[in-house]
Enquirer: 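Please read through the structure below; I'll follow up with questions.
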Protein chains: 2
Amino acid sequence: MRDLNYKHLHYFWVVAKEGGVNRAANKLGVAAQTISGQLALLERSLGVALFAPAGRGLALTEAGRTALSYADRIFNLGEQMLEALEDRAGEAVLRLTVGILDALPKLAAHRLLQPLMGMGKPVRLVCYEGEIDELMSDLALHRLDVVLSDRPVASTGSLRVFSHPLGEYPVSFYGVPALARQYAKGFPASLAGAPLMLPTRTNALRGKLEQWFEANDLRPQVVGEFEDSALMDTFGRQGMGLFPALSMLGPDVEAQLGALPVGELEGVREQVFAISGERRIRHPGVEAILAAAAG
Amino acid sequence: MRDLNYKHLHYFWVVAKEGGVNRAANKLGVAAQTISGQLALLERSLGVALFAPAGRGLALTEAGRTALSYADRIFNLGEQMLEALEDRAGEAVLRLTVGILDALPKLAAHRLLQPLMGMGKPVRLVCYEGEIDELMSDLALHRLDVVLSDRPVASTGSLRVFSHPLGEYPVSFYGVPALARQYAKGFPASLAGAPLMLPTRTNALRGKLEQWFEANDLRPQVVGEFEDSALMDTFGRQGMGLFPALSMLGPDVEAQLGALPVGELEGVREQVFAISGERRIRHPGVEAILAAAAG
DNA sequence: CGAACAATTCGTAAAAATGGAATTAATAGC
DNA sequence: GCTATTAATTCCATTTTTACGAATTGTTCG
């Protein structure tokens with residue numbers, strides 16, 4: 001039973017729905033012998049009988065009933081697809097569906113997606129956020145075109161994904177003006193005992209920060225851990241403590257959060273990866289993003 | 001673009017997943033020209049481009065992405081079907097999935113399904129209850145083999161169903177012994193002012209009861225209306241009032257509910273129909289039921 | 001029992017899919 | 001800027017699959 005022949009399955013489906021080979025032949029516009037023959041081939045390739053003689057007609061076997069419920073769904077999907085494509089035949093807007101890891105800084109995501117707007121075509125951007133597992137499964141189901149992550153993702157047996165580095169960016173600590181002034185002098189040594197907000201351990205950046213503390217012989221006071229970077233930003237704005245963010249986002253951070261840079265963390269770089277589910281065929285939008293990141 | 005060629009769609013699916021015509025050809029064990037040609041035919045029949053040249057490869061178009069999400073589901077279903085059939089290849093139990101209208105007396109349903117047990121094969125009976133609309137849609141989706149209803153159902157445009165009469169059965173009023181004794185004398189005239197429980201107006205029997213009251217010039221006191229006959233039985237057992245049920249179920253009613261017949265309603269017959277979604281192909285179990293009802 | 005119906009088998013004809021050889025197009029390397 | 005390489009495609013002969021006419025088998029109904 002190597003490969004399923006969908007033409008044969010389609011005949012089976014119509015016969016089952018119409019209630020007989022002759023009726024199906026009539027509906028499909030082919031001769032009854034044809035259907036009968038193809039049906040026999042299907043049964044042989046499946047290794048099970050789908051129909052059993054009943055009276056002078058046919059009745060579904062148990063296996064046939066199982067097959068019918070699948071065939072129903074399969075061919076309904078096929079019909080839906082035709083409708084969907086008929087609608088879309090005229091349209092020309094490019095839709096890019098992006099999954100963004102909760103932990104990834106929103107401003108960074110925004111920056112990375114910026115190149116899309118500079119493309120020739122009109123683009124409709126659809127963003128989802130979530131944890132890495134959800135996003136990966138959505139990627140596998142083609143509900144997402146690409147996922148932005150803070151680490152590369154390895155292909156597992158069932159899930160084949162491809163990670164493309166989008167870049168690595170220096171990281172700085174930021175804080176409200178009062179805090180920033182207080183700890184800027186003598187940075188990074190000044191951080192000893194400073195109130196810090198850090199991402200949780202599920203975030204790749206967390207490990208790098210720990211290493212940096214180790215290397216600089218610092219033991220800061222952690223006042224909060226955040227899964228979602230947007231939440232951390234909000235608390236940072238209230239002056240809860242110093243928080244890490246990309247150095248290049250200085251102007252944005254100041255404008256949106258009223259926080260100033262305290263100092264850059266030497267050797268610490270936040271990495272960003274674009275994870276795609278395709279080996280090489282690329283979404284024009286994803287291509288634009290990768291090109292902009294590389295250039 | 002009348003009919004979708006699933007072989008072509010399958011090639012498209014593999015090309016999209018593998019990331020190129022050559023890779024797909026390699027995986028499928030056919031030449032690249034073949035795939036290229038079949039893909040072109042698919043695009044022509046659909047009237048939209050699925051791929052666009054990108055570099056020296058191909059990239060999905062917006063329509064291609066739409067198609068891919070359908071193809072994913074379609075071919076995953078196909079693979080699931082093969083697995084399901086492989087498992088079921090040995091099995092020999094017959095499964096009958098029946099939908100039973102809430103309003104239909106449970107004891108009657110039990111009686112009607114009884115013949116199944118006398119068949120040669122082992123049978124697994126799966127019963128669902130619900131309102132007519134739910135059951136009809138489940139029937140259309142092949143989640144049910146047959147529906148037992150108290151009235152025939154007409155085929156609508158989108159839903160083709162076939163109603164087979166299973167029989168009509170005389171109806172009696174029943175009640176706990178005290179009530180039964182009180183109202184049996186002089187039946188049916190004695191019912192004037194008797195506490196009665198009736199099915200709601202969604203039940204076909206309700207209309208027939210009203211007519212019978214009219215014909216016998218009775219104006220009984222309705223102490224309760226019930227959608228579900230099992231609920232009515234439960235209240236009847238508590239002595240809330242007299243309730244209608246099939247005459248032939250007298251022994252069952254007495255054994256299970258401790259209620260006695262008060263009198264049969266002349267001219268009132270509860271009808272039962274088997275509704276199937278198939279024109280003629282019949283489930284061996286359904287056939288047995290119909291045969292037993294006819295014989 | 002024979003007429004009508006339903007499915008099937010057989011052999012051949014038509015249609016579709018396939019692969020070889022050559023062509024076009026876009027990179028990557030030198 | 002030229003050449004080797006990779007990828008997709010076009011053209012056409014060949015194979016495979018699908019389809020139909022004619023005849024066959026089995027079942028139901030009058």
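To find a chain, count down the sequence lines: A is the first, B the second, and so on, and within it residues start at 1. Since we're looking at a predicted model, the values are computed, not measured.
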Enquirer: On a heavy-atom basis, which atom in I275(B) and which in L139(B) lie closest, and how many Å separate them?
Expert: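 What the structure gives for the nearest pair is O-CD2, 3.8 Å.
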Enquirer: If you only use heavy atoms from C-beta on, which nucleotide in dT8(C), dT10(D), dT28(D) is closest to the side chain of Q33(B)?
Expert: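 So the side chain of Q33(B) is nearest to dT10(D).
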Enquirer: Would you say T34(A) reaches dT18(D)'s phosphate, i.e. side-chain N/O to OP1/OP2 under 4.0 Å?
Expert: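 For T34(A), the contact criterion (side-chain N or O under 4.0 Å from OP1 or OP2 of dT18(D)) is not met.
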Enquirer: Begin from the C-alpha positions of F75(B) and Y6(B) and carry the test ring pair (Phe, Tyr, Trp, His ring centres under 6.0 Å) through to its verdict.
Expert: CA-CA 10 Å; F75(B) 294 111; Y6(B) 285 80; 7.1 Å; no
Enquirer: Provide, to the nearest angstrom, the distance between the CG atom belonging to L9(A) and the C1' atom belonging to dT18(D).
Expert: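 Checked: the CG to C1' distance equals 17 Å.
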Enquirer: Nearest whole Å is fine: how far is dA7(C) P from F51(A) CZ?
Expert: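 About 9 Å, once rounded to whole Å.
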Enquirer: Nearest-nucleotide wise, let me know which of S36(B) and V30(A) is further upstream toward the 5' end of DNA chain D.
Expert: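 So the residue in question is S36(B).
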Enquirer: OP1, OP2 of dT17(D) versus side-chain N and O of Y11(A): anything below 4.0 Å?
Expert: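 No.
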Enquirer: What is the distance, to the nearest angstrom, from the NE2 atom on H8(A) to the P atom on dA19(D)?
Expert: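 H8(A) atom NE2 is separated from dA19(D) atom P by 8 Å.
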Enquirer: Could you give the CG-to-P distance, from N5(A) to dA19(D), as a whole number of Å?
Expert: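 Whole-Å distance recorded here is 10 Å.
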Enquirer: Between K7(B) and G37(A), which residue's closest nucleotide on DNA chain C lies nearer the 5′ terminus?
Expert: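 Looking at the nearest nucleotide for each, G37(A) comes out on the 5' side.
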Enquirer: Could you give the CG-to-P distance, from L39(B) to dT9(D), as a whole number of Å?
Expert: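 Taking atom P of dT9(D) as the reference, CG of L39(B) is at 7 Å.
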Enquirer: Nearest whole angstrom, please: distance from the C1' of dT16(D) to the CG of L41(A).
Expert: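 From L41(A) CG to dT16(D) C1': 12 Å.
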Enquirer: Can you name the closest pair of heavy atoms from P165(B) and F273(B) and give their distance?
Expert: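 Distance-wise, the nearest heavy atoms are CA-CD2, 3.5 Å.
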Enquirer: Less than 4.0 angstrom between a side-chain N/O of N22(B) and OP1 or OP2 of dT9(D), yes or no?
Expert: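 No.
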Enquirer: Return the value, rounded to whole Å, for the distance between atom CZ of R56(A) and atom P of dT27(D).
Expert: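 It is 12 Å, rounded to the nearest whole Å.
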Enquirer: Would you tell me if any nitrogen or oxygen in the side chain of Q38(A) comes within less than 4.0 Å of OP1 or OP2 on dA19(D)?
Expert: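 Yes, because at least one side-chain N or O of Q38(A) sits under 4.0 Å from OP1 or OP2 of dA19(D).
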Enquirer: In whole Å, what is the span from the CG atom of L42(B) to the C1' atom of dT9(D)?
Expert: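 L42(B) atom CG is separated from dT9(D) atom C1' by 17 Å.
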Enquirer: Where is the tightest heavy-atom contact between C127(B) and I100(B), given as atom of each residue plus distance?
Expert: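 So the two residues come closest at SG-CD1, 4.2 Å.
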Enquirer: For L205(A) and E270(A), which heavy atoms make the closest approach, and how far apart are they?
Expert: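 Minimum heavy-atom separation between L205(A) and E270(A): CD2-OE1, 3.6 Å.
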